[in-house]
**Student:** 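Questions regarding the structure given below will be posed in turn.
Only heavy atoms go into these numbers, but all of them, side chains included; no hydrogens, no water, no symmetry mates. Whatever order the structure lists ligands and atoms in, that order sets their numbers, starting from 1.
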Amino acid sequence: MSAPQPQFPVIHGYAVKANGEAFVPWQYTPRKLGPNDIEIKIDHCGICGSDIHTVDSGWGPTHYPIIVGHEIVGRVVTKGDSVKHLQLGDLVGVGAQAFACQKSDCRNCQNSMDAYCPHFVGTYNAKYADGQVSQGGYAEAVRVDSNYAFLIPKEIDPQEAAPLMCAGTTVFTPMLHHKMKKGDRVGVVGIGGLGHLAVQYAHALGAEVTAFTTSENKRQDAIKLGAHKVVNIRNEDDVKQARLSLDYLLVTTNSKHTDWTLLTTFMDTSGHIILLAVPEAPVNFNAFALIHQGISMSGSLIGGIEQVRETLAFAAKHNIRPWIEKLPMKDVNEGIERVRSNKVRFRVVLSN
Ligand SMILES: [Zn+2]
Ligand SMILES: [Zn+2]
């Protein structure tokens with residue numbers, strides 16, 4: 001059998017070439033299409049906060065030039081010889097992960113924790129075993145391991161599916177992990193790209209949802225999204241009433257102004273705080289804040305194969321959709337600027 005011929009031997013996209021620069025047109029030669037890889041012609045890509053941290057080298061030095069974007073939706077145009085579960089023309093999504101080893105001796109891959117595989121390759125700014133840097137979705141095409149391309153349910157508009165690939169999966173994964181259920185009291189800190197989906201997922205699970213924000217103007221939006229209560233962290237009465245009121249608290253903000261000791265006061269006995277965003281400053285709190293109420297705190301990265309599938313299926317079934325602003329891909333700099341200045345309600349999706 002002759003090797004499949006990729007449609008995009010060279011991929012055109014928008015890259016940042018050095019820290020502090022704008023996105024400019026750029027092209028690269030992708031790595032060879034392996035037997036388990038697919039090539040996707042990209043229709044849409046959401047702008048995730050991680051994209052901005054990466055182009056800014058905020059989490060360590062970035063491999064420039066870099067094309068970011070890991071909320072990708074598009075069509076399969078070429079597939080490797082071993083790919084059986086996808087067909088040419090399938091509408092698929094790709095999130096923050098492009099590869100994991102899937103080996104029988106990998107504890108993480110064998111336990112549906114492949115998002116923590118030691119051989120994890122991120123969709124962009126990561127290195128494959130052959131040394132090539134992965135490039136993301138602000139482009140006309142992308143190649144990924146076919147295990148990390150997911151069929152988009154027909155109920156979901158392709159543009160709206162894009163933010164579910166990273167933001168949606170990131171918020172729903174800890175809900176699955178902790179088996180959150182009807183009647184659980186779930187708080188969400190930060191009503192933005194992640195938080196507005198977290199409120200919807202928790203509401204659909206039947207949880208009693210409290211949204212925490214510092215923007216009074218997000219109160220009505222939070223209620224529309226399904227929050228039963230809204231707490232303005234700057235309002236003393238709101239804060240007092242929320243004491244000891246939660247079983248779980250999902251923290252989706254990366255603000256350096258977050259008062260972690262205050263957040264612990266919202267937790268009831270044995271409550272659990274889960275960090276989903278990476279704060280720009282060390283997380284500080286008085287240890288008594290945890291000990292006094294038997295509170296625990298953990299982090300959660302993204303989701304693996306099983307969690308992404310469940311995220312999409314649950315959204316399709318319960319009509320969970322991101323609120324999006326649409327821009328042509330060529331206006332990527334405008335989209336990034338809107339995210340930086342905190343103007344977006346709640347996710348920008350770029351389209352080719
Ligand atoms: Zn992301
Ligand atoms: Zn693995």
Side-chain angles (χ1 to χ4, degrees), residues 16 36 42 44-56 58-60 62 66-73 93-129 134-139 142 144-148 150 160-174 190 192-198 201 250-254 274-280 299-308 311-312 315 322 324 332 335-336 339-340 344 346-350:
V16 168
N36 201 40
I42 297 173
H44 313 290
C45 188
I47 298 181
C48 174
S50 307
D51 301 353
I52 293 178
H53 286 288
T54 300
V55 300
D56 289 347
W59 291 335
T62 289
I66 189 73
I67 295 176
V68 293
H70 61 203
E71 294 184 340
I72 299 169
V73 171
V94 175
Q97 184 167 11
F99 178 82
C101 77
Q102 304 300 338
K103 289 194 173 142
S104 57
D105 61 352
C106 177
R107 282 170 56 99
N108 291 325
C109 284
Q110 292 307 313
N111 290 298
S112 298
M113 301 289 266
D114 45 305
Y116 301 103
C117 171
H119 305 287
F120 173 101
V121 177
T123 301
Y124 57 73
N125 195 39
K127 278 197 177 162
Y128 283 97
S134 56
Q135 299 286 353
Y138 299 1
V142 70
V144 298
D145 184 298
S146 60
N147 285 323
Y148 290 92
F150 301 88
E160 294 178 338
L164 300 176
M165 299 311 304
C166 176
T169 301
T170 299
V171 301
F172 195 47
T173 294
L194 266 63
H196 91 291
L197 285 165
Y201 274 98
L250 302 165
V251 184
T252 72
T253 169
N254 60 11
I274 302 148
L275 275 69
L276 298 179
V278 182
E280 290 165 352
S300 182
L301 183 61
I302 49 171
I305 294 171
E306 188 181 311
Q307 295 85 19
V308 176
T311 299
L312 290 170
I324 62 172
V332 52
I336 293 281
V339 178
R340 283 191 193 278
V344 180
F346 287 99
R347 206 65 154 176
V348 174
V349 176
L350 304 169

**Student:** With heavy-atom distances below 4.5 Å as the criterion, would you say the side chains of I305 and Y148 are in contact?
**Tutor:** yes
**Student:** Can you check ring-ring contact (aromatic ring centres under 6.0 Å, His included) on H119 and F99, steps first, answer last?
**Tutor:** CA-CA 8 Å; H119 305 287; F99 178 82; 7.9 Å; no
**Student:** P322 versus F346: any side-chain heavy-atom pair under 4.5 Å?
**Tutor:**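 Of all side-chain heavy-atom pairs linking F346 with P322, none is under 4.5 Å.
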**Student:** Do you know the tightest heavy-atom contact between Q97 and G303?
**Tutor:**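 Answer, listing the atom of Q97 first, then G303: OE1-O, 4.0 Å.
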**Student:** For the atoms SG of C101 and SG of C106, give the angle they form at the Zn ion (ligand 2), rounded to 10 degrees.
**Tutor:**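 If I round to 10°, I get 100°.
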**Student:** Closer than 2.8 Å to the Zn ion (ligand 2): does that hold for any N, O or S atom in C117?
**Tutor:**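 C117 does place an N, O or S atom closer than 2.8 Å to the Zn ion (ligand 2).
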**Student:** From the N, O or S atoms in H70, identify the one nearest to the Zn ion (ligand 1).
**Tutor:** NE2
